[in-house]
**Student:** 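Let me give you the structure first, and then I'll get to my questions.
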There are 4 protein chains.
Amino acid sequence: MNILTEKQRTEKAEKIADTALQLFQTRSFGSITMSQIAAKSGVGKGTLFNYFETKENIFMRLLLSGYQDYFENLIQDFQKLPSQVSVEEFSNFMINQTQYLIRDKSVLVRLNALRAPVLEGRANMDQTLAGRQVLYETSQRLGQVISEHVTFISKSEASHLFIVQSAIISGLMNMMGLDEFDHEQLSPKFTDFKINLETDAIQTLKFYLTGFFASKKQ
Amino acid sequence: MNILTEKQRTEKAEKIADTALQLFQTRSFGSITMSQIAAKSGVGKGTLFNYFETKENIFMRLLLSGYQDYFENLIQDFQKLPSQVSVEEFSNFMINQTQYLIRDKSVLVRLNALRAPVLEGRANMDQTLAGRQVLYETSQRLGQVISEHVTFISKSEASHLFIVQSAIISGLMNMMGLDEFDHEQLSPKFTDFKINLETDAIQTLKFYLTGFFASKKQ
Amino acid sequence: MNILTEKQRTEKAEKIADTALQLFQTRSFGSITMSQIAAKSGVGKGTLFNYFETKENIFMRLLLSGYQDYFENLIQDFQKLPSQVSVEEFSNFMINQTQYLIRDKSVLVRLNALRAPVLEGRANMDQTLAGRQVLYETSQRLGQVISEHVTFISKSEASHLFIVQSAIISGLMNMMGLDEFDHEQLSPKFTDFKINLETDAIQTLKFYLTGFFASKKQ
Amino acid sequence: MNILTEKQRTEKAEKIADTALQLFQTRSFGSITMSQIAAKSGVGKGTLFNYFETKENIFMRLLLSGYQDYFENLIQDFQKLPSQVSVEEFSNFMINQTQYLIRDKSVLVRLNALRAPVLEGRANMDQTLAGRQVLYETSQRLGQVISEHVTFISKSEASHLFIVQSAIISGLMNMMGLDEFDHEQLSPKFTDFKINLETDAIQTLKFYLTGFFASKKQ
DNA sequence: AATGAATGAGGTTTCATTCAT
DNA sequence: GATGAATGAAACCTCATTCAT
């Protein structure tokens with residue numbers, strides 16, 4: 001166990017982060033304690049702080065690596081597509097992705113909402129920026145791949161599009177649950193306040209893409 | 001001073017909430033302490049808790065009353081308009097409102113992002129729901145007024161539209177600052193990550209409204 | 001309980017310090033924990049840190065106030081004596097005091113041994129120096145009173161004499177227990193290493209005083 | 001490198017202890033960390049614990065071997081002296097030794113002050129007692145040699161005298177620095193609190209020896 | 001009603017010590 | 001035997017919240 005390779009170190013960090021992620025699936029950032037993460041990870045509290053300076057750093061890493069993985073997968077997915085993809089096909093792809101993000105990656109979106117108001121205040125800047133740099137590069141590669149497959153969209157626009165996609169989901173998620181309180185369903189339903197995340201996100205994104213491509217074709 | 005009138009009590013609560021609001025203009029929820037709010041309000045720390053059960057309650061109140069005021073003003077504004085308003089005029093109105101929210105009411109949007117993940121866990125449910133009930137009724141009145149002025153949009157749709165509007169702004173705000181860290185500008189700019197809140201929000205809302213009205217006209 | 005008077009605050013601090021003192025009677029500085037002090041004082045751990053920045057501060061206070069009390073009592077005792085006291089009577093007085101320090105105030109001497117190597121590194125400098133200033137003034141008054149009663153000894157010399165007295169006791173105490181290990185008596189007795197604190201301290205002080213007064217009379 | 005000779009093992013232990021000693025010249029026991037000792041020794045942190053069960057063991061060894069060397073040297077020095085040494089010559093010898101201890105072996109004296117309150121609680125008893133046994137025997141030999149050279153002092157008395165000598169120096173050292181705080185000189189000088197270690201120790205020892213020999217001659 | 005002292009939960013930090021390799 | 005990662009104990013610290021007056 002003498003000297004850990006970078007890989008081993010990374011794996012351990014991932015194990016810890018993974019535990020945090022599991023806790024975050026069902027609980028809020030504020031209600032998760034470092035002691036819980038340590039206990040559930042099967043490591044000592046001291047070890048936690050060997051790997052992550054602060055609680056915020058753990059979640060910042062989850063955010064960055066979550067998006068990193070997501071973007072990498074998107075690149076893979078895209079590279080499997082035929083060389084030319086129509087605007088409609090691309091829109092459908094984006095819509096499917098939206099559904100996927102919502103169904104399977106909602107923690108990512110929840111983490112997004114914490115980034116500026118909660119995490120950045122106490123996360124390590126250098127680590128965060130290093131991660132963000134890598135993520136940006138991945139995002140650029142993704143944009144590149146998309147622009148190669150889809151006429152009417154540049155690398156920059158494609159890269160930016162995923163920011164907008166996350167914004168739409170994240171924003172709708174922020175506004176969700178007005179018919180609940182702290183995840184408890186309320187009897188007097190505030191029907192018109194109610195967000196149906198999947199439906200509303202897809203619709204909003206559809207409108208956005210339609211508007212976007214319409215503006216390009218002019 | 002042993003027994004306060006309802007008015008005195010409300011005024012004091014408002015003074016406290018107002019102080020919290022001022023602090024929230026420039027700082028994050030987590031970095032604002034009850035001691036600071038007490039000191040800046042000119043009351044004792046204990047007094048805070050005579051008026052608000054928890055820190056979260058203060059901010060929940062700011063959220064609810066902020067939207068309450070905003071919706072009331074919208075109703076007023078709308079009632080001044082001619083009896084019929086075209087879709088285009090209505091869209092412009094919404095865009096102006098978006099700009100207004102961003103420029104002058106950004107705290108409202110920031111509070112929105114805190115509601116579910118931070119505030120609800122520790123805010124008083126009954127008070128929150130009472131406020132939300134009032135807000136919902138106001139929102140319904142607003143929807144009513146709008147549906148009376150604008151063909152093609154029902155009361156429910158109008159009411160819901162403001163949720164979507166907030167979602168769009170809130171979501172984009174969540175994704176802002178990827179070219180900053182904790183409000184410090186970064187030298188290597190992540191250009192394609194960068195959100196221009198006003199431009200992007202207006203564009204997204206425009207696309208949304210276009211799509212929305214297009215779907216209605218079919 | 002609203003605003004504590006200086007006196008109340010001092011009393012609370014004393015209660016805490018007193019608990020620490022009791023623990024220190026039978027245990028070492030290192031083995032006493034802040035949690036123990038809190039629990040035994042009947043106050044919360046937070047309160048401890050309201051009153052004492054660090055564990056070392058608690059013990060520094062014990063040292064300073066212990067000597068403060070001791071010197072004050074000495075002044076009182078001395079003022080009760082006839083206006084002139086012979087060298088021999090004074091020597092006897094010092095020897096009795098030595099016995100008293102050893103029997104009843106040994107913690108003071110033990111604290112002395114911690115001061116420089118342990119406490120100063122983490123005790124609050126300003127507080128410590130304020131306490132030391134007061135102590136110095138008391139020591140000066142004590143020296144003054146003594147010099148008034150005893151020919152052949154100046155204020156400065158008298159004041160300094162108590163430092164030497166503590167040094168002798170403290171030094172012998174440091175060398176004690178070489179026939180023990182961690183307060184457990186050993187079977188193979190290192191007879192010539194053995195310090196009999198009272199006997200040795202009194203003898204050493206006697207020699208010192210004899211030498212001191214002899215040097216004055218020349 | 002799997003099996004070390006006894007010599008290799010001893011040398012490594014000495015290298016570690018030596019490093020600890022060097023650090024202790026300028027810093028306190030508490031502020032020296034095992035990591036620092038490891039790094040400065042050029043060995044791994046774990047290796048430290050192959051050679052010394054605890055941090056306290058390292059310093060206990062320094063104390064014991066330091067005194068061991070010191071006593072051995074004294075025996076050597078004494079054996080070089082003429083067969084009969086006058087009380088005055090012996091006193092001068094002791095005073096020179098005092099100066100030597102203070103100037104060149106002050107760490108020994110500082111370690112003495114740690115022994116009971118800090119080290120014994122966590123040092124290995126058997127090792128410590130073995131070392132102390134050897135030291136005691138050396139001290140007895142030293143006492144023997146002295147008693148052979150100096151009339152009026154027995155082996156036991158001579159052996160014990162070195163304990164008193166260390167006590168005097170150690171005690172005065174404990175009381176030093178009342179005109180400093182954590183080794184920083186203070187501007188308002190507490191003149192009468194000030195210990196001049198060499199002067200005060202020599203004077204005190206002189207008085208002690210004078211008194212001691214006076215009591216023998218009666 | 002108003003207050004600030006008291007509280008305790010939990011994050012952070014340091015470090016001697018243990019342990020797997 | 002050597003190593004550094006892992007560990008846990010305890011200091012330290014902040015802060016929302018409680019409570020006695």
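The shown structure was predicted, so the numbers you read here are calculated from the model rather than taken from an experiment. Convention: sequence-line order gives letters A, B, ...; per-chain numbering from 1.
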**Student:** For nucleotides 8-10 of chain E, tabulate all protein N/O to nucleotide N/O atom pairs closer than 3.5 Å, reporting atom names and distance.
**Tutor:**
residue, atom, partner, partner atom, Å
E:dG8, N7, C:G46, N, 3.4

**Student:** Taking only the side-chain nitrogens and oxygens of A:R122, find out if one of them lies under 4.0 Å from OP1 or OP2 of E:dG11.
**Tutor:**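 Result: no.
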**Student:** Kindly write out the residues that satisfy side-chain hydrogen bond (donor to acceptor under 3.5 Å, both in side chains) with A:Q8, not counting sequence neighbours, or none if the list is empty.
**Tutor:**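 Counting only residues at least two positions away or on another chain, A:Q8 forms a side-chain hydrogen bond (donor to acceptor under 3.5 Å, both in side chains) with A:T5.
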**Student:** C:Q8 near the nucleic acid: base, sugar-phosphate alone, or nothing, with a heavy-atom cut-off under 4.0 Å?
**Tutor:** nothing
**Student:** Only Watson-Crick and G-U wobble pairs, only distances under 3.5 Å, only runs of 3 or more: what stems does that leave for DNA chain F?
**Tutor:** E:2-21 with F:2-21
**Student:** Does any pair with a residue in residues 30-57 of chain D pass ring pair (Phe, Tyr, Trp, His ring centres under 6.0 Å), and if so which ones, sequence neighbours excluded?
**Tutor:**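 Every pair satisfying ring pair (Phe, Tyr, Trp, His ring centres under 6.0 Å) with a residue in residues 30-57 of chain D: there are none.
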**Student:** Taking only residues two or more places apart in sequence, or in another chain, which ones meet D:S65 in a side-chain contact (heavy atoms from CB on, under 4.5 Å)?
**Tutor:**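 Per chain and number, D:S65 pairs via side-chain contact (heavy atoms from CB on, under 4.5 Å) with no residue.
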**Student:** Rounded to whole Å, how long is the line connecting atom CZ of C:F49 with atom P of E:dA6?
**Tutor:**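 Computing the C:F49:CZ to E:dA6:P distance gives 15 Å.
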**Student:** Kindly write out the residues that satisfy salt bridge (Lys or Arg N to Asp or Glu O under 4.0 Å) with C:E180, not counting sequence neighbours, or none if the list is empty.
**Tutor:**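 Result, salt bridge (Lys or Arg N to Asp or Glu O under 4.0 Å) vs C:E180: none returned.
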**Student:** Once you round it to whole Å, what is the distance between P of E:dC15 and CD1 of D:I58?
**Tutor:** 15 Å
**Student:** Over how many whole Å does the gap from B:I37 atom CD1 to F:dC15 atom C1' extend?
**Tutor:**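 In whole Å, F:dC15 C1' lies 12 Å from B:I37 CD1.
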**Student:** Who are the side-chain hydrogen bond (donor to acceptor under 3.5 Å, both in side chains) partners of A:T128, not counting sequence neighbours?
**Tutor:**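 Partners of A:T128 by the side-chain hydrogen bond (donor to acceptor under 3.5 Å, both in side chains) criterion come out as none, since no residue qualifies.
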**Student:** By the 4.0 Å heavy-atom rule, please label D:G42 as base, sugar-phosphate, or nothing.
**Tutor:**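 The residue D:G42 makes no contact with any strand.
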**Student:** Using the side-chain heavy atoms of A:N50, tell me which of these nucleotides is nearest: F:dA6, E:dT17, F:dT17.
**Tutor:**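 Nearest listed nucleotide: F:dA6.
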**Student:** Just grab all the ring pair (Phe, Tyr, Trp, His ring centres under 6.0 Å) pairs involving residues 27-48 of chain B, residues at least two apart or on different chains.
**Tutor:** B:F29-B:F59
**Student:** Please name all residues satisfying side-chain hydrogen bond (donor to acceptor under 3.5 Å, both in side chains) with B:R132, sequence neighbours left out, ordered by chain then number.
**Tutor:** B:E120
**Student:** Which pairs pass salt bridge (Lys or Arg N to Asp or Glu O under 4.0 Å) with one or both residues in residues 13-41 of chain C, sequence neighbours excluded?
**Tutor:**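 Passing the test, one end in residues 13-41 of chain C: C:E14-C:R61.
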**Student:** Whole angstrom is fine here: how far is it from NZ in D:K55 over to P in E:dT14?
**Tutor:** 15 Å
**Student:** Output the rounded distance in Å from CD (A:E53) to C1' (E:dT13).
**Tutor:** 12 Å
**Student:** Would you classify A:G30 as touching base, sugar-phosphate or nothing, given that sugar-phosphate means primed atoms plus P, OP1 and OP2, and contacts are heavy atoms under 4.0 Å?
**Tutor:** nothing
**Student:** Restricting to pairs with a member in residues 44-56 of chain D, which pass salt bridge (Lys or Arg N to Asp or Glu O under 4.0 Å), not counting sequence neighbours?
**Tutor:**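 Listed by first then second residue: D:E56-D:R122.
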**Student:** Tell me which residues in residues 13-25 of chain A put a heavy atom below 4.0 Å from DNA chain F, sorted by number, or none.
**Tutor:** none
**Student:** Looking at CD1 of B:I58 and CE of B:M34, how far apart are the two atoms once the value is rounded to the nearest 0.5 Å?
**Tutor:**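 It comes to 4.0 Å.
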**Student:** Students often get this wrong, so: under 4.0 angstrom with heavy atoms, is B:Y51 touching a base, only sugar-phosphate, or nothing?
**Tutor:** sugar-phosphate
